[in-house]
Amino acid sequence: MEGALTARDKVGVQDFVLLDAYTSESAFLDNLRKRFSENLIYTYIGTLLVSVNPYQELGIYTLSQMELYQGVNFFELPPHVYAIADNAYRMMCSELNNHFILISGESGAGKTEASKKILQYFAVTCPMTESLQVARDRLLFSNPVLEAFGNAKTLRNDNSSRFGKYMDIQFDFKGIPVGGHIISYLIEKSRVVYQNQGERNFHIFYQLLEGGEEELLAYLGLERDPQLYKYLSQGRCAKESSVNDKNDWKTVSNAFSVIDFTEDDLENLFGIIASVLHLGNICFEENQQGCASVPDTHEIKWIAKLLGVDPWVLLEALTHRKIEAKTEEVICPLTLDLSAYARDAMAKAVYGRTFTWLVNKINSSLVNKDFTGKTVIGLLDIYGFEVFDKNGFEQFCINYCNEKLQQLLIERTLKAEQAEYEMEGIEWEPIQYFNNKIICDLVEERHKGIISILDEECVRPGPATDLSFLERLEEKVGKHAHFETRKLAGPKGRKKIGWMEFRLFHYAGEVTYCTRGESSVVVTSLCLQVLCSSKNRILKECFLVAELENRRRAPTVGTQFKNSLSSLLEILISKEPSYIRCIKPNERKEPSKFDDFLIRHQVKYLGLMEHLRVRRAGFAYRRKYEHFLQRYKSLCPDTWPHWHGPPEEGVERLIKYIGYKPEEYKLGRTKIFIRFPRTLFATEDAFEFSKHQLVARIQATYKCCLERRAYMRKRQAAITLEAHWRGALARTEAKRRKWAVQTVRKFIKGFINRNRPLCPDNEEFIVFVRKNYILNLRYHVPKNVLDKSWLRPPGILGTASDLLRKMCTRNLVRQYCRGITAERRALMQEKVVTSEIFRGKKEGYAESLNQPFANSRIGVSTSSLSDGILVIHVSQADIKQKGDVILQCEHVFEAVTKLAMLVKKDSLVNVVQGSLQFCISPGKEGTIVFDTGPEEQIYKDKNGRLTVVSGWVWGREA
Ligand SMILES: Nc1ncnc2c1ncn2[C@@H]1O[C@H](COP(=O)(O)OP(=O)(O)OP(=O)(O)O)[C@@H](O)[C@H]1O
């Protein structure tokens, strides 16, 4: 509704309830047309969905569309078949009750497509478990099989369902589809033997011929060309471009394997399908007695082979009939026409019952054996009201079915509408609607209704004819206001009714039915005998021998249909309804063509105007207080943003604030009822206006909320991080402390045990002490050989320390030794000698140690002559000291040599010639002059010089 309100000006209203001129058919059609031209094929009338077949793909059944409608309030989105499906599903899940969706409309209006879309929607959107996928696949794959056997090309629809279908989809308590059940109604058996021009038999015949493998066809005795079969060629359109039989055959074959059909099942099934085709090709000839005979028994033999019956018994059954008198039975030959009837009746019966078997077989594959509480959604895809130029028994049944469903609609919707007003305590004038119960009674009443009369005619002894049936009708229901025959009609209506016709005034309009041919539907008892004796496993299940033994006649098709309808109604009445009304826009299956006349006709037959009239009779719009308040609360400051009182009071406050006039609304017990659409539109416009402000506010709140959430997330993350970090730090610290304590403890223990031999208790301590001592020692090693200091070692390292000290001293000494010059070494050696001589013996030695010996200080000079003078030069820094020493020595050579050797220095000795200088005292020098003479003498000359005269040496004096 909300979506409808928003879009009302663009493409009509999305809900007809909001039409101002709701009683006008033209306004209804205008709205439908307007929307159809915009490819909007769905429109609501309240909760009923009107769907117009677009005859084109609109792209509105995509996965995203399915997601869009999933779990969304029914009225919040534009009308769609998914909204109906979703609404039923949600209600089923929340209220745990059963639902059905009734899809009706005339042939080609899109019922089957709608039901397929709903099935797909459930298949895609419902929760699913792997094990239940099989159930879902079987539900989906049952469709192509049913379509192959139950659908056919007609003038109105290339894939027309020729049977009514009710399918229960079962869901478990979690809403998972777990199984299903199908009920079929009134398969159009007449199509097996006859098709109108431009129409075809059921798809399966063509699919088998087109797609079946060569061996299969050979086994069935069939040729590929459908034109060769009478039952397939009457419509003259066996090959149809819009239908791809070959592909469809593949789909159906695949579907068979999914829904558990065995090889044996398929062999028997196709044996029956082929037999029907062979039956159709049996030709009769009139013999001389005017009775039917079969000149060519080729087909009979194939049927006998495929169905497992005796060919001669079959032949007799097709050309004779059994007349049962009180005590005896007589077999009489049949005329040509009656033989053809018998053949066709047999073909129809075989196909019809095989179809029922097929449905049962599918059901057994769909069955879910778990009996714990399941809920169901039923899909009823049933033919809409049919009015043709010539209407037969099938139209009669279809229209009767529609009458019954209309009854249901009246019960469930129209009456419910009135009941709602009553329940809500709203005063209103009850609207008049036509209750079609009277017509239902006309058809179905026991002993008095048309079906009962038909039954009586069938069992009545003597020949039952179409005319006698009509007479019985006139006699029994002739006075009924909704029944008419040519005889009963006034002069005006008479012209339109034939002699063999009767007319019913249905709720949707009058329909004239032709009684001709109603008797041809019965299988002769001989044929029934043949079928009951069949060895074909499917036919054995379809035609039970008990049927033959039962002396009472089987119920007629009419009664069967009536019974199945009443059980359908029983099924439906216990469930919550949803309705989809399908409309066909034109007869030519063209997209975008809106045939006003045709649609007006359907709007009428589908009872849409009546439905709308009732929905709008009192009030155009009603909503629960909570929902109304929820939507419009922003229009009143008292109710925005929250109303804390009872919702009805909130609504009252709200409508007072926005200025509703008393005649515009009524307040019920739980709902507000608004009489005119314009009132609601005005409210909606005001809401639209306020929405922008609201949106901004909501946006801001939302953004704030998002930011806050993000902030809180970050904060939380930071706190967590911090906690972890602190934890890590604390753990590290604790570890460190523990280590420290252990180390200290070990240290103390080590200290206590330091003097014990190496053991675990002192091992580390000793290592530490050793390391520590050595590290410390680095800074305290003696720097030179004279440095005698040494770091005091701990007790345990005494020996090591001594060794180290020695090494160190040795190293220093080595370094020192390497560093002294040869000169110094010599000096040292001299010092050593001095030491050896004087140490401890002569005072002043110690003081002399520091004073280096100067080489230059002592020198020895002697003359080159033979005198015994030698001068020892001693240089003096102190001027107060004495000078050089002049010695006279007998053994000058020895003395000088020994001196030189002592100091290990040859250069010490200077042998001079002539004279030499010597130091008398510092700064004062004297000279010694050496000379030879005959006599040795030493004297001081007049210059003060000391002269030394050595004697001549023999041989050298001159
Ligand atoms: N929603 C849709 N979108 C597109 N095409 C559609 C839609 N509904 C129906 N059609 C088209 O219309 C054709 C007829 O539809 P469908 O077979 O559903 O009609 P029907 O009402 O079931 O007819 P019948 O009563 O004869 O079985 C489909 O084959 C398809 O081509």
Side-chain angles (χ1 to χ4, degrees), residues 35-36 38-43 49-62 65-66 69 78-85 101-121 143-144 146-167 184-188 191 195-196 198-203 240-244 247-248 251 379-388 394-395 397-399 401-402 405 579-595 598-599 602 605-606:
R35 294 176 59 72
F36 184 71
E38 296 285 334
N39 284 338
L40 297 167
I41 60 167
Y42 295 120
T43 314
L49 182 76
V50 179
S51 158
V52 186
N53 185 349
Y55 279 121
Q56 59 178 317
E57 287 308 320
L58 295 178
I60 54 170
Y61 305 108
T62 57
Q65 282 280 313
M66 290 188 189
Y69 279 88
H80 202 293
V81 67
Y82 292 160
I84 297 281
I101 301 173
L102 195 162
I103 310 165
S104 59
E106 71 171 61
S107 177
K111 301 181 294 293
T112 310
E113 286 299 316
S115 72
K116 281 196 242 175
K117 302 287 184 249
I118 292 174
L119 209 57
Q120 274 162 9
Y121 182 78
N143 235 349
L146 280 178
E147 284 196 3
F149 284 80
N151 286 24
K153 180 200 177 307
T154 66
L155 286 174
R156 298 161 7 126
N157 184 358
D158 292 347
N159 182 31
S160 179
S161 313
R162 305 317 299 160
F163 66 106
K165 185 170 89 177
Y166 175 77
M167 180 182 206
S184 67
Y185 296 96
L186 200 69
I187 174 97
E188 188 193 28
R191 183 165 295 274
Q195 307 90 42
N196 287 325
E199 296 197 348
R200 298 206 313 174
N201 207 324
F202 293 99
H203 293 324
E240 178 58 43
S241 60
S242 61
V243 186
N244 189 336
N247 267 358
D248 290 347
T251 313
L379 287 180
L380 181 59
D381 167 4
I382 204 123
Y383 11 67
F385 203 80
E386 283 190 354
V387 196
F388 300 138
E394 257 146 23
Q395 276 67 47
C397 289
I398 286 170
N399 292 343
C401 169
N402 277 276
L405 293 173
Y579 298 97
I580 301 176
R581 295 282 194 248
C582 299
I583 291 179
K584 183 175 173 172
N586 60 72
E587 287 288 10
R588 282 190 277 165
K589 306 166 197 163
E590 279 178 21
S592 315
K593 190 164 184 317
F594 193 88
D595 182 337
L598 185 72
I599 291 175
Q602 292 172 73
Y605 286 164
L606 289 172

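The figures here come from the full heavy-atom set of this structure, side chains too, leaving out hydrogens, waters and symmetry mates. One-based numbering, in listed order, for ligands and for the atoms of each. Just so you know, residue 1 is the first one in the sequence shown, and it goes up from there.
- A salt bridge is defined here as a Lys NZ or Arg NE, NH1 or NH2 lying under 4.0 Å from an Asp or Glu carboxylate O, and Arg191 with Glu394 fails to meet this definition.
- Taking every heavy atom of both residues into account, Asp158 and Lys589 meet most closely at OD1-NZ, 2.9 Å.
- The protein heavy-atom contact nearest to atom 27 (O) of ligand 1 is Ser161 N, 2.6 Å.
- Side-chain contact between Tyr61 and Val81 is present, with at least one heavy-atom pair separated by less than 4.5 Å.
- The shortest contact between atom 31 (O) of ligand 1 and any protein heavy atom is with Tyr55 CD2, 4.8 Å.
- For ligand 1, the atoms sitting less than 4.0 Å from at least one non-hydrogen atom of Glu106 are 21 (O), numbered in the order shown with element in parentheses.
- Using a 4.5 Å heavy-atom threshold, the side chains of Ser160 and Arg162 count as touching.
- Counting heavy atoms under 4.0 Å from ligand 1, residue Ser160 touches it through both backbone and side chain.
- At least one N/O-N/O distance between Ser107 and ligand 1 falls below 3.5 Å.
- Proximity of Lys589 to ligand 1, defined as any heavy-atom pair under 4.0 Å, is not found for any part of the residue.
- In this structure, Lys117 does not count as a contact residue of ligand 1, since none of its heavy atoms falls inside 4.0 Å of the ligand.
- A tilted orientation is assigned to the rings of Tyr69 and His80, their planes being inclined by 30° to 60°.
- Here the shortest heavy-atom distance to atom 22 (O) of ligand 1, taken over Thr112, Ile103, Ile398, Asp158, belongs to Thr112.
- Residues Lys117 and Tyr82 form a side-chain contact, since some pair of their non-hydrogen atoms from C-beta on lies under 4.5 Å apart.
- Nearest non-hydrogen protein atom to atom 18 (O) of ligand 1 is Glu113 N, 2.8 Å.
- Among protein heavy atoms, the minimum distance from atom 13 (C) of ligand 1 is reached at Asn53 ND2, 3.9 Å.
- Counting heavy atoms from C-beta outward, Asp248 and His203 have side chains that stay 4.5 Å or more apart.
- Shown are Asp381, Leu49, Leu379, Leu380; of these, the side chain to side chain contact (heavy atoms under 4.5 Å, CB included) with Ile101 is made only by Leu379.
- We find the CG-OG1 distance between Asn157 and Thr112 to be 7.0 Å, quoted to the nearest 0.5 Å.
- You'll find the side chain of Asn53 stays beyond 4.5 Å of the side chain of Glu113, heavy atoms only.
- Protein heavy atom at the shortest distance from atom 3 (N) of ligand 1 is Pro54 CG, 3.3 Å.
- Counting the atoms of ligand 1 from 1 in the order shown, those under 4.0 Å from a heavy atom of Tyr61 are 1 (N), 2 (C).
- Numbered from 1 in the order shown, with element, the atoms of ligand 1 that lie under 4.0 Å from a heavy atom of Asn159 read 17 (O).
- For the ligand labelled ligand 1, residue Ala109 lies inside the 4.0 Å heavy-atom shell.
- The protein heavy atom nearest to atom 17 (O) of ligand 1 is Asn157 ND2, 3.0 Å.
- In this structure, atom 15 (O) of ligand 1 lies nearest to the protein heavy atom Gly110 CA, 3.6 Å.
- Backbone and side-chain nitrogen or oxygen atoms of Ala114 are examined, and none is located within less than 3.5 angstrom of a nitrogen or oxygen of ligand 1.
- Summary of contacts: the protein heavy atom closest to atom 4 (C) of ligand 1 is Gln56 O, 3.1 Å.
- The residue Arg156 has no part lying near ligand 1, judged by heavy-atom distances below 4.0 Å.
- Relative orientation of the Phe36 and Phe594 rings is tilted, given thresholds of 30° and 60° on the angle between their planes.
- Checked against a 3.5 angstrom limit, the closest N/O atoms of Glu57 and ligand 1 fall outside it.
- For the residue pair Ser104 / Arg581, a side-chain donor-acceptor distance below 3.5 Å is found, with atom types taken as modelled.
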